[in-house]
Amino acid sequence: MPELPEVETCRLGLQPHVINHPIKQVIIRNSRLRWPIPIDLPKILINQCFTQLTRRGKYLLFTTPTGTLLLHLGMSGRVRIVPAMTPVSKHDHVDIVFDNDYCLRFNDSRRFGAMLWYSEDIQQHPLLVKLGPEPLTNDFNPAYLYASLRRRKQAIKLSLMDNHVVVGVGNIYANEALFRAGIHPLKPSHKVTRVAVSRLVEIVKIVLTEAIAAGGTTLRDFISADGSPGYFQQTLYVYGRGGKPCRVCDNQLIETRIGQRSTVFCEVCQK
DNA sequence: AATCGCGCCTGACGGC
DNA sequence: TGCCGTCAGGCGCGAT
């Protein structure tokens with residue numbers, strides 16, 4: 001389940017292998033992802049190069065001179081760079097083959113992912129245009145978040161996971177950031193104090209940055225491996241630890257559901 | 001505009 | 001061993 005740090009790690013790992021390598025073949029074995037892969041994608045991409053690989057939220061954006069390939073990994077999506085001759089495995093849905101006979105291979109068992117083409121300004125794409133700020137930029141700052149939360153009565157955890165508020169904070173990091181900021185996940189958004197909002201902004205940035213740094217250690221063998229997810233290398237305080245003792249105060253962690261998502265917190269440390 | 005619940009999908013896991 | 005139900009979860013979307 002890639003969160004922003006995994007997507008960023010993926011971007012950094014892919015970059016040297018996909019930029020400025022002419023594409024000679026595109027193989028679509030299964031086009032039924034969240035939305036169908038455009039049928040004419042091979043025709044569009046062949047003989048082009050990706051000139052840039054960027055990220056917006058959890059979307060990877062492969063720029064070409066004629067448009068942008070948009071890739072989302074959903075829950076189970078993985079991309080690897082492998083020799084084009086490598087035998088395919090179950091759920092290997094797409095190969096983008098470069099002229100050096102390596103290919104970008106997309107595998108996605110649950111098919112929540114997406115691969116789309118957009119020939120206009122990608123930032124205006126319907127899936128991107130309404131997204132909130134990137135968490136690691138200065139657009140995500142205490143003044144912005146406080147103003148944004150004031151209009152919202154829903155649980156702070158839901159706001160934090162809402163792409164209109166800030167992108168890239170999924171369930172794992174929402175749980176972790178709220179714990180580390182000492183904020184109860186059910187607290188109504190507009191009741192979180194200025195001070196707590198400031199702390200939350202800072203913590204979100206720290207948690208994500210740490211995770212990206214941890215992911216970086218797996219980059220070395222990116223070509224062969226499906227890099228193990230960065231968050232496993234990060235100490236998790238609450239996620240997946242319901243019923244276990246809090247790492248800070250030893251009190252038993254509470255597990256509940258907020259918006260159909262598993263939520264773990266410490267009722268002593270989080271107010 | 002905010003908010004809520006639904007559904008897409010497969011693999012892992014527990015119970016019998 | 002096998003079958004079946006349940007859970008996991010990003011996130012767009014439609015309804016309110």
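Model, not experiment: these values are computed from the prediction. Lettering follows sequence order; numbering is per chain, from 1. Every heavy atom of this structure was used, including side-chain atoms; hydrogens, water molecules and symmetry mates were not.
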When you match A:Glu255 and A:Leu131 each to their closest nucleotide on DNA chain C, which lands nearer the 5' end?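 Looking at DNA chain C, the more 5' nearest nucleotide goes with A:Glu255.
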With distance as the sole test, does [X] use its side chain to make a donor-acceptor pair with the main-chain N or O of [Y] at under 3.5 Å?
X	Y	answer
A:Asn30	A:His93	no
A:Glu255	A:Gly243	no
A:Glu3	A:Ile172	yes

Can you confirm whether the side chains of A:Ser189 and A:Gln154 place a donor and an acceptor under 3.5 Å from each other?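 Judged by distance alone, the side chains do not pair up.
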Round to a whole Å and report the spacing from [atom1] of [X] to [atom2] of [N].
X	N	atom1	atom2	answer
A:Leu33	C:dG10	CG	P	18 Å
A:Asn171	C:dG10	CG	C1'	10 Å
A:Arg257	B:dG5	CZ	C1'	13 Å
A:Arg56	C:dC11	CZ	C1'	15 Å
A:Leu71	C:dG10	CG	P	17 Å
A:Gln260	C:dG12	CD	C1'	14 Å
A:Met75	C:dC7	CE	P	16 Å
A:Leu128	C:dG10	CG	P	18 Å

A:Phe265 vs A:His184 aromatic rings, parallel, tilted or perpendicular, using cut-offs 30° and 60°?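 Judged by the thresholds at 30° and 60°, the geometry between A:Phe265 and A:His184 is tilted.
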Please list all pairs passing the salt bridge (charged side-chain N to carboxylate O under 4.0 Å, His left out) test where one or both residues lie in residues 152-163 of chain A, with sequence neighbours left out.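 Pairs touching residues 152-163 of chain A that pass the test: A:Arg152-A:Asp162.
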Any pair with a residue in residues 109-137 of chain A that passes salt bridge (charged side-chain N to carboxylate O under 4.0 Å, His left out), sequence neighbours left out, goes on the list, sorted by first then second residue, please.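 Of all non-adjacent pairs touching residues 109-137 of chain A, those that pass salt bridge (charged side-chain N to carboxylate O under 4.0 Å, His left out) are A:Arg55-A:Glu134, A:Arg56-A:Glu134.
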Among the nucleotides B:dC6, B:dT3, C:dC11, which one has an atom lying closest to any side-chain atom of A:His72?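 Ranking B:dC6, B:dT3, C:dC11 by closest atom to the A:His72 side chain puts C:dC11 first.
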Any idea which of B:dC4, C:dG12, C:dA8 is nearest the A:Tyr59 side chain?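 Nearest to the side-chain atoms of A:Tyr59, counting from C-beta on, is C:dG12.
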For A:Tyr144, all residues meeting ring pair (Phe, Tyr, Trp, His ring centres under 6.0 Å), sequence neighbours excluded: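 For A:Tyr144 there are no ring pair (Phe, Tyr, Trp, His ring centres under 6.0 Å) partners, ignoring immediate neighbours.
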My understanding is that only residues two or more places apart in sequence, or in another chain, count here; which of them pass ring pair (Phe, Tyr, Trp, His ring centres under 6.0 Å) with A:Tyr237?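 A:Tyr237: ring pair (Phe, Tyr, Trp, His ring centres under 6.0 Å) contacts with A:Phe179.
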Using only side-chain N and O atoms of A:Tyr239, determine if any of them is under 4.0 Å from OP1 or OP2 of C:dG9.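 It does, given that an N or O in the side chain of A:Tyr239 lies less than 4.0 Å from OP1 or OP2 of C:dG9.
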Please confirm whether the shortest side-chain N or O distance from A:Lys153 to OP1 or OP2 of B:dA2 is below 4.0 Å.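 So the side-chain polar atoms of A:Lys153 never come under 4.0 Å of the phosphate oxygens OP1 or OP2 of B:dA2.
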DNA chain C base-pair string [pairs: Watson-Crick or G-U under 3.5 Å; |: paired with another strand]: .|||||||||||||||
Work out which heavy atom in A:Pro142 is nearest to a heavy atom in A:Val197; give both atom names and the distance.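 That closest heavy-atom pairing would be O-CG1, 3.8 Å.
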Do you know the tightest heavy-atom contact between A:Ile122 and A:Leu128?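 Minimum heavy-atom separation between A:Ile122 and A:Leu128: O-CD1, 3.3 Å.
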So which one's nearest nucleotide on DNA chain B is more toward 5', A:Arg261 or A:Arg151?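 Looking at the nearest nucleotide for each, A:Arg151 comes out on the 5' side.
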Specify the residues of residues 112-124 of chain A, ordered by number, for which at least one heavy atom lies under 4.0 angstrom from an atom of DNA chain B.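 Residues of residues 112-124 of chain A under 4.0 Å from DNA chain B: A:Phe112.
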Output the residues of residues 155-165 of chain A in contact with DNA chain B, where contact means a heavy atom of the residue under 4.0 Å from an atom of the strand; sort by number or write none.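 Under 4.0 Å from DNA chain B: no residue of residues 155-165 of chain A.
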Report the C-alpha distance between A:Lys205 and A:Glu202 in whole Å, list the side-chain angles of each, state the deciding distance to 0.1 Å, and finish with yes or no for salt bridge (Lys or Arg N to Asp or Glu O under 4.0 Å). CA-CA 5 Å; A:Lys205 289 174 190 281; A:Glu202 187 184 4; over 6 Å; no
Do A:Arg105 and A:Asp95 meet the salt-bridge criterion of a basic N to acidic O distance under 4.0 Å?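 Yes, this pair counts.
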Detail all sub-3.5 Å separations between protein N/O atoms and N/O atoms belonging to nucleotides 10-14 of chain B.
from	atom 1	to	atom 2	distance (Å)
B:dT10	OP1	A:Arg111	NH2	2.9
B:dT10	O3'	A:His91	NE2	3.4
B:dT10	O2	A:Arg110	NE	3.3
B:dG11	OP1	A:His91	NE2	2.7

Does a sphere of radius 6.0 Å around CZ in A:Arg29 hold more than 12 heavy atoms from other residues, nucleotides or ligands, not counting ones at 6.0 Å or beyond?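 Buried by this count: over 12 neighbours within 6.0 Å.
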Any residue meeting side chain to side chain contact (heavy atoms under 4.5 Å, CB included) with A:Asp40, in chain and number order, not counting sequence neighbours: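 Here the qualifying residues are A:Pro38, A:Ile44.
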The criterion is side-chain hydrogen bond (donor to acceptor under 3.5 Å, both in side chains); which residues satisfy it with A:Arg150, sequence neighbours excluded?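 None.
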Output the rest of the hydrophobic cluster of A:Ile258: all Ile, Leu, Val, Met, Phe, Trp and Tyr residues reachable through side-chain heavy-atom contacts under 4.5 Å, sorted by chain and number.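 Besides A:Ile258, the hydrophobic cluster comprises A:Leu158, A:Leu186, listed by chain and residue number.
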Restricting to nitrogen or oxygen on both sides, can you table the protein-nucleotides 13-16 of chain C pairs closer than 3.5 Å?
none

A:Arg32 near the nucleic acid: base, sugar-phosphate alone, or nothing, with a heavy-atom cut-off under 4.0 Å?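 The residue A:Arg32 makes no contact with any strand.
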